[in-house]
Novice: 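Following this message is one structure expressed as structure tokens.
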Amino acid sequence: MNLLKEIKTSLVVTVILLIICCGLYPLVIFGAGQLLFPSQANGSLVMDGNGKPIASTLLAQNFTADTYFNPRPSAAGTGYDSTSSGGSNYGATSQALHDAVKQRVSDYRKANNLPDSQPVPADAVEASGSGLDPHISSNNAALQVPRVAKARGISEDDLKALVVKYTDGRDFGILGEPGVNIVKLNLALDGKYK
């Protein structure tokens with residue numbers, strides 16, 4: 001009899017915890033997210049004039065034209081694939097990684113008209129861990145300003161001010177480095193300088 005009583009108690013506790021942990025708690029968190037942070041809770045989506053989602057400020061896109069700031073390289077799927085987030089998993093001794101970085105450095109210098117002696121920011125030639133990071137370093141953005149300004153026919157000073165506007169500071173004021181969200185920046189460029 002004692003064993004049956006223990007089994008019954010265990011089942012009752014399991015059902016109660018199942019209702020709380022798998023039903024009530026997620027509903028409360030979902031509701032709080034929708035009430036307090038609706039944009040973030042729904043993926044930080046950017047909508048076009050017709051209400052159709054065109055981007056998320058949390059995910060990089062492959063902007064390649066001279067009129068745009070270029071993102072970090074991506075190893076997610078076939079590149080910038082949000083359904084296949086991840087890195088290349090090449091190790092430091094990988095010849096494929098070495099060759100890819102060497103090619104990216106050459107391409108970056110050529111695209112941004114930089115001399116061979118100009119150091120290239122690491123984030124310009126190495127993918128992030130997820131392959132979908134929408135941020136680039138302030139240094140990377142500064143090196144791209146002349147190219148984008150020339151391609152759009154705008155002043156570098158105006159463009160630098162826009163870069164500063166879309167630069168996110170350190171988390172909690174102390175963690176990490178400031179980064180420029182190029183999805184927001186490039187969309188702002190399209191909105192302001194068509």
Novice: Tell me, please, which residues at least two apart from N70 pass side-chain contact (heavy atoms from CB on, under 4.5 Å).
Specialist: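 Once residues adjacent in sequence are excluded, the partners of N70 under the side-chain contact (heavy atoms from CB on, under 4.5 Å) criterion are Q144, R147.
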Novice: Does one hydrophobic cluster hold both I154 and V180, with members joined at side-chain heavy-atom distances below 4.5 Å?
Specialist: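 Hydrophobic grouping puts I154 with V180.
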Novice: Please enumerate all residues that pass side-chain contact (heavy atoms from CB on, under 4.5 Å) together with D168, with sequence neighbours excluded.
Specialist: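 For D168, the residues satisfying side-chain contact (heavy atoms from CB on, under 4.5 Å) (neighbours in sequence not counted) are H135, N181.
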Novice: How far apart are the closest heavy atoms of A127 and R104, and which atoms are they?
Specialist: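 Reported closest heavy-atom pair: N-NH1, 4.3 Å.
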Novice: Excluding sequence neighbours, so at least two apart, what forms side chain to side chain donor-acceptor pair (under 3.5 Å) with D99?
Specialist: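 So D99 forms a side chain to side chain donor-acceptor pair (under 3.5 Å) with Q95.
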Novice: Mind jotting down which residue pairs meet the ring-ring contact (aromatic ring centres under 6.0 Å, His included) criterion with at least one end in residues 86-113? Sequence neighbours excluded, please.
Specialist: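 Matches after skipping sequence neighbours: none remain.
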Novice: Tell me the salt bridge (Lys or Arg N to Asp or Glu O under 4.0 Å) pairs involving residues 108-130, sequence neighbours left out?
Specialist: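 Qualifying pairs, neighbours excluded: none.
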Novice: Can you list every pair that meets ring-ring contact (aromatic ring centres under 6.0 Å, His included) and has a residue in residues 140-169, with sequence neighbours left out?
Specialist: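 Not a single pair qualifies under ring-ring contact (aromatic ring centres under 6.0 Å, His included).
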Novice: So do P121 and L143 actually touch side chain to side chain, heavy atoms under 4.5 Å?
Specialist: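 In contact.
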Novice: Evaluate the side-chain contact (heavy atoms from CB on, under 4.5 Å) criterion for residues L189 and N186: first the C-alpha distance (whole Å), next the side-chain angles of each, then the deciding distance (0.1 Å), finally the verdict.
Specialist: CA-CA 5 Å; L189 280 169; N186 285 334; 3.8 Å; yes
Novice: Output all residues satisfying side-chain contact (heavy atoms from CB on, under 4.5 Å) with L11, sequence neighbours left out; order by chain, then residue number.
Specialist: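 For L11 the side-chain contact (heavy atoms from CB on, under 4.5 Å) partners, ignoring immediate neighbours, are I7.
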Novice: With rounding to the nearest 0.5 angstrom, report the CG to CD1 distance, N140 to I182.
Specialist: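 With rounding to 0.5 Å, CG (N140) is 8.5 Å from CD1 (I182).
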Novice: Of all residues at least two apart in sequence or in a different chain, which pass the side-chain contact (heavy atoms from CB on, under 4.5 Å) check with P119?
Specialist: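 P119: no side-chain contact (heavy atoms from CB on, under 4.5 Å) contacts found.
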Novice: Provide the full list of salt bridge (Lys or Arg N to Asp or Glu O under 4.0 Å) pairs with a residue in residues 156-165, sequence neighbours left out, each pair given once.
Specialist: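 Counting only pairs at least two positions apart or across chains, no salt bridge (Lys or Arg N to Asp or Glu O under 4.0 Å) contact touches residues 156-165.
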Novice: Could you pull out every donor-acceptor pair under 3.5 Å between side chains of residues 57-69 and any protein atom, sequence neighbours left out?
Specialist:
unit_1, atom_1, unit_2, atom_2, d
Q61, NE2, I54, O, 3.2
Y68, OH, D190, OD1, 3.1
Y68, OH, D190, OD2, 2.7

Novice: List, by chain and number, the other hydrophobic cluster members for I174, where Ile, Leu, Val, Met, Phe, Trp and Tyr join if side-chain heavy atoms come within less than 4.5 Å, directly or indirectly.
Specialist: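 For the cluster that includes I174, the remaining residues are F172, L175.
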Novice: Let me check something: do V148 and I136 share a hydrophobic cluster, defined by ILVMFWY side-chain heavy atoms less than 4.5 Å apart, either directly or through other members?
Specialist: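 Yes, because V148 and I136 connect within a single hydrophobic cluster, where side-chain heavy atoms sit under 4.5 Å apart.
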Novice: Measure the spacing between NZ of K184 and OG1 of T167 and express it to the nearest 0.5 Å.
Specialist: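 Taking NZ in K184 and OG1 in T167, the distance rounds to 10.5 Å.
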Novice: Indicate every side-chain donor-acceptor pair of residues 16-42 with a distance under 3.5 Å to a residue at least two apart or in another chain.
Specialist:
unit_1, atom_1, unit_2, atom_2, d
Q34, OE1, N42, ND2, 3.2
Q34, NE2, N42, OD1, 3.2
N42, ND2, P38, O, 2.8

